[in-house]
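Numbered from 1 within each chain, the chains take letters A, B, ... in sequence-line order. Computed from a predicted model, the values in this text were never measured in an experiment. Scope of the values below: all heavy atoms of this structure, side chains included, with no hydrogens, waters or symmetry mates.
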There are 2 protein chains.
Amino acid sequence: MTASHLPEPAGAHRRPTIHDVARDAGVSKTSVSRYFGCERALLSGTMVKRIEAAIERLGFAPDRIASSLRGGRTGLIGMVVADMRNPYTVDMLHGAELACREHGYSLLVCNTDNDDRLERRHLDVLHGYSIEGLVINTPGGNVPTLVARREAGLPMVLVDRHIDGLACDMVGLDNEQAITLGVSHLVDQGYQRLLMITQPGAGISSRKARVRMFRHRAHEADLSAEVHEATEAALDPSRLAVTLEQWLQADEAPGAIVCANAMVTLNVCHALFKLYEAPFQHVGLLGIDDVPWCALVGPGITTVAQPVVDIGHGAIDMLMQRLGGTTGDPQATLFSAHLNPRGSTIIRSS
Amino acid sequence: MTASHLPEPAGAHRRPTIHDVARDAGVSKTSVSRYFGCERALLSGTMVKRIEAAIERLGFAPDRIASSLRGGRTGLIGMVVADMRNPYTVDMLHGAELACREHGYSLLVCNTDNDDRLERRHLDVLHGYSIEGLVINTPGGNVPTLVARREAGLPMVLVDRHIDGLACDMVGLDNEQAITLGVSHLVDQGYQRLLMITQPGAGISSRKARVRMFRHRAHEADLSAEVHEATEAALDPSRLAVTLEQWLQADEAPGAIVCANAMVTLNVCHALFKLYEAPFQHVGLLGIDDVPWCALVGPGITTVAQPVVDIGHGAIDMLMQRLGGTTGDPQATLFSAHLNPRGSTIIRSS
DNA sequence: AACGCCATTGGGAACGTTCCCATTTCAGGT
DNA sequence: ACCTGAAATGGGAACGTTCCCAATGGCGTT
């Protein structure tokens, strides 16, 4: 018998542990643990050198799973998004990833495809991993679960929208300012009637805010303002084209369409190109959310852009503050939009 | 003294453990553990009912961190991508997320922004979390680290490109077929000279394959074929415009531009719109990678589309096979592209 | 010379699971 | 009645860390 332990399979050797390092360096495992933790200052110079040498020799890397178990800190942040393919989500995720990296956290990303049951499942999984914080962009179908987690002490930041009955931090766009900016521009350009196309937003605060403010500002400027809520199906370009044509032919005065987000802008463009070869000679178009291709379509599509990367970054920043121990009432961080004027909001003589 | 343990803070109660459930149900913790694990069949009907009731009462959810420590299986898959903002990456990620969900795994997502040092750091972090598998889309700057992990037994799948000296599974596009499809289309449409714009691809197999095949097919069809490698800076629309104009004016024969990926297509479009009001009356354009806005620009941009979501899904599927114990030589799964013919590849009388 | 204190270091319990092995129970065959 | 073995259950070690507490040793103070 060579050893009292496992025969140790020939090829792959066992990952070294803090124990191995301790033995190799001739110190206690506690000291090695201190080397990695925040008690590094306790160690003497000789000790540090010996530990470092042993780590190098063995190629040791601490096991975060074991560390999480005893230490309680997993270093994991849960990120639950409603629609991974939405450009908004992508940029937000990018900002969040950046911020996590800065703070030494890692992101567990979950996509719910706007499905409440799936969201619920993802929340359970994240709970299983003992995430330290949650950033969530939710349609609002799992309020009880979220409230429970929040009250159990899980730091949580809502993105883009806040949810009634869920007292927690939130990061998003200053929708009032954004819509004011957009409508003022359209007024300045001389449009006399406006149509907003939006997705149905039963419980989604940001969508409701945009519609409310749109009506308000248009009314203030004495313009007629209509709002069309297009369900998933009604966003289909062909069906949308019918709606748009009706609205266009109802009145001779120059009109402009406002798209409530990038998804809507894309579909409205498709619809307009079905109707006209050069649609922007007949109607103005302003999109909320700027995406790279907006500058390429027709004479360029005017947009009101939100700083989405900053929003994602800001979400993590708020989380870090809570993790740092900040208590107190929920905060809302709202970012300002800016205008990208392009050719789609210039009135051509017809 | 009421108890020998902690005074138990008033508000938030401790998360229940398998122990609490066992006590409440009047069974052993082993049985509760069996309830969740794959030894469920060992339990009698009564036992199952009592455990279920206790779980319900306490709101217990197993701790995956503790489970990972002893059990060795973390349920975590690492996903390292070179550029999170690239539409390719987004769709791929979406497919991978979908597949992970099906198999009960969760994704730890890392973005490297094409930075080797950052990629290295992310790989270390993932190693710390004992991921069970790795899907990576790499510029190729950390071969030694990757080889080491692979040889230590970590299942690994490369996405989009394979790396010399790294023997591991790979999922991507059948570049030969894709380019053949694109070039044939251009030939059929009557173009007589071709220009491919690509990003520099020193170590990137997919880029090299596209260039090589482009040259080959063009030569076969007796067309002149030029390739322009645009560095990050040279992708700037203004500088690109100069390059394109030179090429256009060098010859009268009708020519078409092939863009090696969506990023390039976007910038080339910007450049063309700087040169002409209606660029596609002067030059043909074909893009590799289809993105939603391609149909909207000018008369629509013809594309060769890869099934990116399937590629992401496929990557996880391969990983699962390896996790299931499949051994043997590295496999490559290549998907076929399909053509979306649009207005940008129709020759207009000039 | 005895004392106390700070700076270092080490030993061992604990975190919440899973897994190995031992134990109990009971049916069925001799 | 006894033995055998399968089915069901429980006890305790182990996973690799962190953290509490105790121990050691050197040095300045009374």
Side-chain angles (χ1 to χ4, degrees), chain A residues 4-6 8 13-51 54-55 58-76 127-132, chain B residues 4-8 13-51 54-55 58-76 127-130 132:
Chain A
S4 62
H5 277 350
L6 330 163
E8 193 71 40
H13 18 176
R14 194 176 48 86
R15 178 174 176 159
T17 76
I18 216 173
H19 252 102
D20 301 320
V21 175
R23 182 159 20 84
D24 190 85
V27 303
S28 80
K29 61 186 161 44
T30 308
S31 296
V32 180
S33 172
R34 281 200 252 262
Y35 177 83
F36 288 101
C38 34
E39 292 172 295
R40 175 81 141 277
L42 287 182
L43 298 176
S44 69
T46 12
M47 192 64 62
V48 168
K49 281 207 201 81
R50 281 165 64 183
I51 296 178
I55 288 172
L58 302 178
F60 170 78
D63 180 334
R64 301 215 51 168
I65 296 291
S67 154
S68 301
L69 180 57
R70 173 64 228 229
R73 303 207 19 204
T74 56
L76 256 23
H127 179 59
Y129 282 108
S130 299
I131 51 170
E132 289 184 52
Chain B
S4 63
H5 276 350
L6 331 162
E8 192 73 41
H13 19 175
R14 195 175 48 87
R15 178 175 175 160
T17 76
I18 216 173
H19 251 103
D20 302 320
V21 175
R23 183 159 18 84
D24 189 86
V27 303
S28 79
K29 62 187 160 47
T30 307
S31 296
V32 180
S33 172
R34 282 200 252 262
Y35 177 83
F36 289 101
C38 34
E39 291 173 296
R40 176 81 140 278
L42 287 182
L43 298 176
S44 69
T46 11
M47 189 66 56
V48 168
K49 280 206 202 80
R50 281 166 64 184
I51 295 178
I55 288 171
L58 301 179
F60 169 79
D63 180 335
R64 301 214 51 170
I65 296 291
S67 155
S68 301
L69 180 56
R70 174 64 229 229
R73 303 208 18 205
T74 56
L76 256 22
H127 181 237
Y129 281 110
S130 299
E132 290 184 52

Qualifying residues under side-chain contact (heavy atoms from CB on, under 4.5 Å), relative to B:S31, sequence neighbours excluded:
B:V27, B:S28, B:L43, B:M47, B:I51

pair A:Y129-B:L76: side-chain heavy atoms closer than 4.5 Å
yes

Rounded to the nearest 0.5 Å, the CG atom of B:D20 sits from the CG atom of B:L58 at a distance of 6.5 Å

Quick one: list whatever passes side-chain hydrogen bond (donor to acceptor under 3.5 Å, both in side chains) with A:R15, sequence neighbours left out.
B:S130

Can you sort out the partners of A:R73 under salt bridge (Lys or Arg N to Asp or Glu O under 4.0 Å), two or more places apart, ordered by chain and number?
A:E132

Between A:R50 and A:A25, is there a donor-acceptor pair closer than 3.5 Å when you use the side chain of the first and the backbone of the second?
yes

With sequence neighbours left out, what residues match B:Y35 under side-chain hydrogen bond (donor to acceptor under 3.5 Å, both in side chains)?
B:E52

DNA chain D-proximal residues of residues 25-51 of chain A, any heavy atom under 4.0 Å
A:K29, A:T30, A:S33

Side-chain heavy-atom pair A:D63, A:T17 within 4.5 angstrom cut-off:
no

Five-pair end axes of the helix from C:dA1-D:dT30 to C:dT30-D:dA1 and the angle they enclose, rounded to 10°:
60°

Applying side-chain contact (heavy atoms from CB on, under 4.5 Å) to B:I18 and not counting sequence neighbours gives B:K29, B:V32, B:S33, B:F60

Of residues 59-72 of chain B, the positions that come close to DNA chain D - non-hydrogen atoms, cut-off under 4.0 Å
B:L69, B:R70

Pairs where residues 36-45 of chain B contributes a residue and the test side chain to side chain donor-acceptor pair (under 3.5 Å) is met, not counting sequence neighbours
B:S44-B:T46

Who are the salt bridge (Lys or Arg N to Asp or Glu O under 4.0 Å) partners of A:D24, not counting sequence neighbours?
A:R57

With heavy atoms of chain A within less than 4.0 Å as the criterion, where does contact along DNA chain D begin and end?
D:dG16 to D:dC19

Applying side-chain hydrogen bond (donor to acceptor under 3.5 Å, both in side chains), can you list everything that pairs with B:R70, at least two apart in sequence or on another chain?
none

